[in-house]
Number of protein chains: 2
Amino acid sequence: MHMNVERLKVNYKTLEEFKKFKEYGVQELSMLEDLQENIIEDNCDSPFYGIYYGDKLVARMSLYERSAKYDLYFDPPQNYLELWKLEVLPDYQFKGYGKRLVEFAKGFGVPIKTNSRMKSKEFWEKMDFHTVPYDMERDLGQNPLVWHPNEVKDKKPNS
Amino acid sequence: MHMNVERLKVNYKTLEEFKKFKEYGVQELSMLEDLQENIIEDNCDSPFYGIYYGDKLVARMSLYERSAKYDLYFDPPQNYLELWKLEVLPDYQFKGYGKRLVEFAKGFGVPIKTNSRMKSKEFWEKMDFHTVPYDMERDLGQNPLVWHPNEVKDKKPNS
């Protein structure tokens, strides 16, 4: 099946589609407000990437590039991607949409860090992500999982 | 009703009780491992506080003191508490356990920051928490909510 990953534009249509996703939150509300108040223009790039089935958005994720300066996960410290709000609408699950999005993110060739719900751990392991040792000051309520190209290592605790 | 908030000890009994909570994650697994490998002693203090009904743990939360140096939420920057994994077991909800825990946290007299699921926003607003303007670099997939004593202000975006 054709699964084109697109960078999503901020516009009223996209924001309406976002309401169907469970992890709709302050981030989306803030984008809506910025659009309404003309702080951002219609159709400017968002941090979201998604897959359409016909004209319906059925899967999405958010990506943000963190600079090496703030890297607390990898050794040596380096630019990496934070991935969040990976979600596939219920009727479209188990068809490879999530995998396609994760592969797209890996295509940038830099390490990726995400935060998993315990129930999704199996999915992330299939995607070759692994858990890192928990560090309370850094991770608090998160369950961090990372993936990295071969030459990169996990940061050692307290190093 | 008697609702004593206790700081929870790390021991096998507590960790077994934690399994009943939905937000069981890497943090709890890490505590279990540290106990098994004698990295921490039995009965040492954990970052969790909870309420028992008889000998059953029915509500819990985790608290961590962030130093002013890392404060990105308040003005002026100051020590504050990060609160996460606030959860009441299903049969004990809507009886005031969550409120009791939040009031306990407020008793430390410093600002509090938490991350809400959208569904719990109403609860947090009843607790006098409010949302802060979303800042992607800081908040990513979070929906931050804060409470602070009167003299403290929210940090302005990009200040």
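Residue numbers start from 1 in every chain, and the chains themselves are labelled A, B, ... in the order their sequence lines are given, proteins ahead of strands.
The distance from atom CG of Asp139(A) to atom OH of Tyr64(B), rounded to the nearest 0.5 Å, is 11.0 Å. Between Leu140(B) atom CG and Gln27(A) atom CD the span is 8.0 Å, to the nearest 0.5 Å. Here Ser30(A) contributes atom OG and Met136(B) contributes atom CE; the two are 9.0 Å apart, rounded to the nearest 0.5 Å.
The shortest heavy-atom contact between Val26(A) and Thr131(B) is CG2-CG2, 4.5 Å.
Tyr134(B) and Val10(A) fall into different hydrophobic clusters, defined by Ile, Leu, Val, Met, Phe, Trp and Tyr side-chain heavy atoms under 4.5 Å apart, directly or through other members. Tracing side-chain contacts under 4.5 Å through hydrophobic residues (I, L, V, M, F, W, Y), one never reaches Ile112(A) starting from Trp84(A); they form parts of separate clusters.
With a 6.0 Å radius and a threshold of 12 heavy atoms from other residues, nucleotides or ligands, Lys106(B) has its NZ atom above the threshold.
With chain A as the partner, the residue from Gln142(B), Glu137(B), Arg66(B) showing the most heavy-atom pairs under 4.5 Å is Glu137(B).
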Name each donor-acceptor pair under 3.5 Å that joins a side chain in residues 38-49 of chain B to protein atoms two or more places apart or in another chain, with its distance.
from: Asn43(B); atom 1: OD1; to: Asn11(B); atom 2: ND2; distance (Å): 2.9
from: Asp45(B); atom 1: OD1; to: Lys9(B); atom 2: NZ; distance (Å): 3.1
from: Ser46(B); atom 1: OG; to: Leu8(B); atom 2: O; distance (Å): 2.9
from: Ser46(B); atom 1: OG; to: Phe48(B); atom 2: N; distance (Å): 2.9

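Residues meeting the salt bridge (charged side-chain N to carboxylate O under 4.0 Å, His left out) test with Glu17(B), sequence neighbours left out: Lys13(B), Lys20(B).
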